[in-house]
Amino acid sequence: MGSTTTHAKLQQWVKEMADLCQPDSIYWCDGSKAEYDKFVKTLIDSGLAIKLNEKTRPGCVLFKSDASDVARVENRTYIAAKTQDAAGPTNNWMDPAILKEEMKALYKGCMKGRTMYVIPFSMGPIGSNIAKIGVELTDSEYVVINMHVMTRVGQKVLDVLGANGEYVPCMHSVGKPLAAGEKDNGKWPCAPIEKKYISHFPEERTIWSYGSGYGGNALLGKKCLALRIASVIARDEGWLAEHMLILGITNPKGEKKYVAAAFPSACGKTNLAMLIPTIPGWKVETIGDDIAWMKFGADGRLYAINPEAGFFGVAPGTSMDSNPNAMHSIEKNTIFTNVALTADKDVWWEGIGYNAPGKLIDWNGNEWEEGKSDKPAAHPNARFTAPANQCPAIAPEWENPAGVPISAILFGGRRPSTVPLVHQATSWNHGVFLGSIVGSEVTAAALDVKAGTVRRDPFAMLPFCGYHMGDYFAHWIKIGQKSTADKLPKIFFVNWFRKTKEGKWLWPGYGENSRVLKWVFERASGEGKAQESAIGYLPTEDAIDTAGLNVSAEDMKELLKINKAEWLTEIETIKEHYAKFGNRIPKELNDELAALVARLNK
Ligand code: GTP
Ligand code: SPV
Ligand code: MN
């Protein structure tokens, strides 16, 4: 068991970090099933994991994290570029030398009483020329088993790396050293909020994380490498690293197209990626549910790969009604975090689609009874970690190293008003403008932002862009200049979350979103009926297939309505948003904004 390498620089780095963190031992992960099983057993034996019912949830475990460690911590996330300007106004910046000194003091001796695990992993199919290799050092077995599911781990990665291949060093510690004889005793190890650091050194392409064991803070291949560091690499190399799902959609004639979609955290990517169409004859297949890397093929089209190997999905709200494919994906071999436990050792959460079967143990470990407890049984950001190949809708080509050609890109967010169900950009630059103004009611996916308020989250990348957001906008404009309109994806804006004045959803969402995908498919084929409006192309009244849909004609009208007063207010907030970037807003986007204002006032 274990893996080996001839990579001297990697060995040297592991030694340096071990000298600093002083673990009791070092273990090189081989990514095998036996290794996964061994760590799951260790975690169960130590009381950190609960083994779920082998009959109803075979191979599944449940973790309860610390209350301070339930989501990404955006105000503890740093882009430590050499200059503050390189990080831009939307990122927390620190001087890299100062940050490293601060973190080294914390790393010193932080792994005492623990093992340092070396996790060689590949983002993207191993050996593919678009894949990137990372090596995560961690003192958390929870991280090891999650990385096994979310990435491709093991000896094969070291073989590809060879004696001097390139990798992204990803340093991680939960920040809870153990004294001699001390044990975790079933308590999730982490450091207090003010000692958590999720740090990125973009020029060095290095990640240092300390103090959190949860999700994107600790599974460093995901947001840290595949988005924050990869976005910097993509800028330099002329491609795109995006917070996007990828799906394949086939029409009744058997024609298939691929769609990528960027929605902010907890705004419906996993749901859309796994959607089961309600319209007859249409099929949707999943390629990825969170991250897309897109590069130009020789034919001038953008090809996307999913760099991940698993789903780290939001549990609450996931049911056989809303997302049956996700429910099937998590029937076995799944790691649950912060959901509730039933008496017969199954899982439960708000919105699972049935009442709690008797008394539960909530995510805090307390007894919980439906109707009697005022707090939710599952944390709103409770998650499942499941292998992507367990999804019944996974596309056969999901691991194709060449990627899939993207015909349409969707942007969206939770917008209770103003933004219609769907509209289409009139050009690439207009589409980039739509991406730049994405906004959403804030969700529970991050710890330190106030839920319920609308915040601008351009391209759903606000917490994930590794450099100046104004330059990122310019990068998107440049991408559009590398190909021609007939080959570039068509760009759309969707909003499943528009509400009535009484606060009721106007649109049923989920599988019914296939009706919007159908229009997108048709528009990308040069068909589909549309009318020009001030904000872009809108579907004509009869363009969205509403056969069998339970939405009134008035509600349908409301869903596609553009209210001039609301849009004039919107313009003011877009101007405030753009002002943050000063002269780094590309001229093309200022022109788009001016043209929108002119069209609205016509
Ligand atoms: P991250 O993993 O945080 O990036 O989230 P995500 O974008 O994958 O979001 P996900 O699909 O997990 O959805 C999060 C929440 O949005 C869940 O509670 C869903 O039930 C809800 N949701 C998803 N799609 C729809 C929809 O079409 N309509 C409504 N009303 N809610 C939706
Ligand atoms: C998100 O917050 O967008 C996620 C979850 O996908 S995490 O991996 O924790 O970032
Ligand atoms: Mn996400």
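Since we're looking at a predicted model, the values are computed, not measured. Atoms within a ligand are numbered from 1 in the order they appear, just like the ligands themselves.
- In this pair, Trp505 and Phe497 present their aromatic rings perpendicular. The plane angle is above 60°, beyond the 30 to 60° band.
- Heavy-atom contacts of His243 reach the following atoms of ligand 2: 3 (O) (cutoff under 4.0 Å).
- Residue contacts with ligand 1: Asn271 is placed with a nitrogen or oxygen under 3.5 Å of a nitrogen or oxygen of the ligand (distance criterion only).
- For the pair Gly216 and ligand 2, the shortest N or O to N or O distance falls below 3.5 Å.
- The atoms of ligand 2 that sit less than 4.0 Å from any heavy atom of Asp290 are 6 (O).
- Contacts between Asn513 and ligand 1, counted as non-hydrogen atom pairs separated by less than 4.0 Å, involve the side chain only.
- Taking every heavy atom of Lys222 and a limit of under 4.0 angstrom, the matching atoms of ligand 2 come to 6 (O), 8 (O).
- Under a 4.0 Å criterion applied to the non-hydrogen atoms of Ser265, ligand 2 contributes the atoms 1 (C), 2 (O), 3 (O).
- Under 4.0 Å from ligand 1, not a single heavy atom of Leu245 appears.
- For ligand 1, one of its N or O atoms has an N or O atom of Ala266 under 3.5 Å away.
- To the nearest 10 degrees, the Mn ion (ligand 3) sees OD1 of Asp290 and NE2 of His243 at an angle of 90°.
- Counting heavy atoms closer than 4.0 Å to ligand 1, residue Arg383 contributes side-chain atoms (C-beta onward) but none from N, CA, C or O.
- By the criterion of a heavy-atom distance under 4.0 Å, neither the backbone nor the side chain of Tyr214 is placed next to ligand 2.
- Looking at Ser265 against ligand 1, both its backbone and its side chain come within 4.0 Å, counting heavy atoms.
- Polar contact check, Asp289 against ligand 1: no nitrogen or oxygen pair lies under 3.5 Å apart.
- Relative to atom 1 (C) of ligand 2, the option among Lys223, Met150, Glu74 with the closest non-hydrogen atom is Lys223.
- The shortest N or O to N or O distance between Gly268 and ligand 1 is under 3.5 Å.
- A salt bridge links Asp290 with Lys223; the closest basic N to acidic carboxylate O contact falls under 4.0 Å.
- Across Tyr510, Trp496, Phe312, Phe384, heavy-atom proximity to atom 22 (N) of ligand 1 is greatest for Tyr510.
- Backbone or side-chain N, O or S atoms of Lys223 reach the Mn ion (ligand 3) at under 2.8 Å.
- A distance-only check finds no donor-acceptor pair linking the side chain of Asp545 to the backbone of Arg515 [under 3.5 Å].
- Residue-ligand proximity, Phe464 to ligand 2, at heavy-atom distances under 4.0 Å covers atoms 3 (O).
- For Met274, no heavy-atom contact with ligand 1 is shorter than 4.0 Å.
- Only side-chain heavy atoms of Phe497 come within less than 4.0 Å of ligand 1; its backbone N, CA, C and O stay farther off.
- Neither the backbone nor the side chain of Ser322 has a heavy atom within less than 4.0 Å of ligand 1.
- By the 4.0 Å N-to-carboxylate-O rule, Arg455 lies close enough to Glu74 to be salt-bridged with it.
- The part of Pro316 lying near ligand 1 is the backbone, judged by heavy-atom distances below 4.0 Å.
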